[in-house]
Trainee: 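After the structure tokens below, expect a handful of questions from me.
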There are 2 protein chains.
Amino acid sequence: MENQDIKKAGLKITLPRVKILTLLEKHGGHLSAEDVYKILLEEGEEIGLATVYRVLTQFEAAGLVVRQNFEGGQSVFEIDSGDHHDHLVCLKCGKVEEFLDTTIEKRQEAIARKLGFTIKDHALVIYGYCDKPECNQD
Amino acid sequence: MENQDIKKAGLKITLPRVKILTLLEKHGGHLSAEDVYKILLEEGEEIGLATVYRVLTQFEAAGLVVRQNFEGGQSVFEIDSGDHHDHLVCLKCGKVEEFLDTTIEKRQEAIARKLGFTIKDHALVIYGYCDKPECNQD
DNA sequence: GATGATAATGAGAAATCTTCTCATTATCAT
DNA sequence: ATGATAATGAGAAGATTTCTCATTATCATC
Ligand SMILES: [Mn+2]
Ligand SMILES: [Mn+2]
Ligand SMILES: [Zn+2]
Ligand SMILES: [Zn+2]
């Protein structure tokens with residue numbers, strides 16, 4: 001249940017928080033703060049955009065969601081399943097695919113070690129065109 | 001000479017363009033539009049921030065510079081040497097290191113192929129702490 | 001279940017980064 | 001040198017995100 005996750009994060013169980021977390025779980029994909037805001041409005045919820053931004057940032061700090069900064073426009077958020085992964089983004093239709101490549105992950109560690117960096121996080125996003133007919137070719 | 005690069009891009013040789021390109025070449029590293037603007041002002045140039053943004057975007061389109069979207073804050077620009085590379089960024093001091101790993105590059109191709117994507121571009125940024133004493137640890 | 005200290009919310013203002021508009025000025029082919 | 005056209009600079013405006021603060025909700029305690 002979402003309520004336990006919220007409580008564990010040291011946050012009070014409020015309607016906006018439950019609605020936002022439930023929506024992200026139900027949706028499963030990548031949503032911007034404004035996406036979340038609009039969907040909840042359409043569902044008849046009373047919520048403020050500032051609250052959505054605030055809560056998503058709190059959820060991120062609590063490890064409940066992950067923020068992705070794809071190029072251009074807004075950040076998007078997704079449930080933190082615990083399994084790190086990277087992304088492919090279609091420049092035409094916006095479709096997002098996920099992948100995890102242990103070879104890449106290991107190489108990153110080696111590179112950081114060689115250059116004296118302690119890795120805290122990383123972001124690998126491949127931009128291109130997906131295989132849908134209307135997206136193919138430049 | 002910068003002038004030829006600008007001309008080849010189909011752009012007129014103007015003082016702002018020459019100054020911006022020269023500064024990026026001289027500096028060698030990663031500069032935000034505002035960095036460029038402030039440095040040129042300090043050097044006594046008369047230039048507008050809008051021009052800096054406009055010109056950097058034109059240079060990017062022309063393949064003269066590359067834009068990097070590191071998380072938080074402004075985009076930064078660097079001369080496009082033609083050699084693609086990725087980045088490590090220190091979260092404490094902002095230091096940026098560059099690297100190129102052919103293993104990672106090849107794996108990305110394989111992943112895109114498997115998922116039906118045609119790669120147009122990619123961004124790999126490793127965030128962490130560099131080996132300077134004041135940056136080490138958390 | 002009622003009470004109250006405290007945290008959370010929502011609306012709008014504001015901050016931040018970037019692009020746009022448009023009158024003025026510079027470039028460059030002729 | 002001239003003129004068509006492109007570029008510039010200042011400020012307005014757009015886009016995204018955060019902040020402020022008065023009002024409201026939560027929840028530990030009674
Ligand atoms: Mn994802
Ligand atoms: Mn670089
Ligand atoms: Zn697509
Ligand atoms: Zn550092």
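Nothing here was measured: the structure is a model prediction, and the numbers come from that model. Within every chain, numbering begins at 1; the chains are lettered A, B, ... in the order of the sequence lines, protein sequences first and strands thereafter.
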Trainee: Using whole Å, what does the distance between atom C1' of nucleotide D:dT16 and atom CZ of A:Phe77 come to?
Mentor: 11 Å

Trainee: I need the CG-P distance between A:Asn3 and D:dT26, as an integer number of Å.
Mentor: 11 Å

Trainee: Please pick, from C:dC20, C:dT9, D:dT8, the nucleotide with the shortest atom-to-atom distance to any side-chain atom of A:Thr14.
Mentor: C:dT9

Trainee: With a 4.0 Å limit, can you tell me whether B:Tyr53 has a side-chain N or O closer than that to the phosphate oxygens OP1/OP2 of C:dT19?
Mentor: no

Trainee: Let me know the distance between CG of A:Leu11 and C1' of D:dT26, rounded to the nearest Å.
Mentor: 13 Å

Trainee: Just wondering, are more than 12 heavy atoms of other shown residues or ligands nearer than 6.0 Å to NZ in A:Lys7?
Mentor: no

Trainee: Taking the basic N atoms (NZ, or NE/NH1/NH2) and the acidic carboxylate oxygens, is any pair closer than 4.0 Å for B:Lys120 and A:Glu71?
Mentor: no

Trainee: Hey, can you tell me if B:His87 and B:His30 have their rings parallel, tilted or perpendicular (30° and 60° cut-offs)?
Mentor: perpendicular

Trainee: Both distances under 3.5 Å, Watson-Crick or G-U wobble: report the partner of C:dT16, or none.
Mentor: D:dA15

Trainee: How close or far is atom C1' of C:dG10 from atom CD1 of A:Ile20, stated in whole angstroms?
Mentor: 12 Å

Trainee: Paired with D:dC30: which nucleotide, if any, by Watson-Crick or G-U wobble criteria at under 3.5 Å for both distances?
Mentor: C:dG1

Trainee: Measuring from the side chain of B:Leu49 (C-beta onward, heavy atoms only), which nucleotide among C:dA8, C:dA11, C:dT18 has the closest atom?
Mentor: C:dT18

Trainee: For the side chain of A:Glu34, starting at C-beta, report the closest nucleotide among D:dT8, D:dC19, D:dT16.
Mentor: D:dT16

Trainee: Taking atom P of C:dA11 as reference, at what distance in whole Å does atom OH of A:Tyr37 sit?
Mentor: 7 Å

Trainee: Select base, sugar-phosphate, or nothing to describe what A:Ser32 touches, counting heavy atoms under 4.0 Å on all strands.
Mentor: nothing

Trainee: Can you tell me if A:Arg17 uses its side chain to pair, donor with acceptor, with the backbone of A:Lys12 under 3.5 Å?
Mentor: yes

Trainee: Specify the separation, in whole Å, of atom CG of B:Leu31 and atom P of C:dC17.
Mentor: 15 Å

Trainee: Which of these nucleotides, C:dT9, D:dA10, D:dC27, is closest to any side-chain atom of A:Val55?
Mentor: C:dT9

Trainee: Report yes if some heavy atom in the side chain of A:Leu31 is under 4.5 Å from a heavy atom in the side chain of A:Leu23; otherwise report no.
Mentor: yes

Trainee: Could you give the CD1-to-P distance, from B:Ile6 to C:dA26, as a whole number of Å?
Mentor: 18 Å

Trainee: In terms of hydrophobic clusters joined by side-chain contacts under 4.5 Å, are B:Leu115 and B:Leu124 together?
Mentor: yes

Trainee: Look at all strands and tell whether A:Thr51 reaches a base, only sugar-phosphate, or nothing, counting heavy atoms closer than 4.0 Å.
Mentor: base

Trainee: What's the closest nucleotide to the side chain of A:Lys12 if the choices are C:dC28, C:dT9, D:dT26?
Mentor: D:dT26

Trainee: With the side chain of A:Ile47 defined as its heavy atoms from C-beta on, choose the nearest nucleotide among D:dG9, C:dT9, C:dG10.
Mentor: C:dG10

Trainee: Would you kindly give the CD-to-P distance between B:Gln74 and D:dT16, to the nearest whole Å?
Mentor: 18 Å

Trainee: Hey, is the side chain of B:Thr57 poking within less than 4.0 Å of OP1 or OP2 on C:dT18, counting only N and O atoms?
Mentor: no

Trainee: Using Watson-Crick or G-U wobble geometry with both distances under 3.5 Å, which nucleotide pairs with D:dT23?
Mentor: C:dA8

Trainee: A:Arg54 has a side chain; which of C:dG10, D:dT18, C:dC17 sits nearest to it?
Mentor: C:dG10

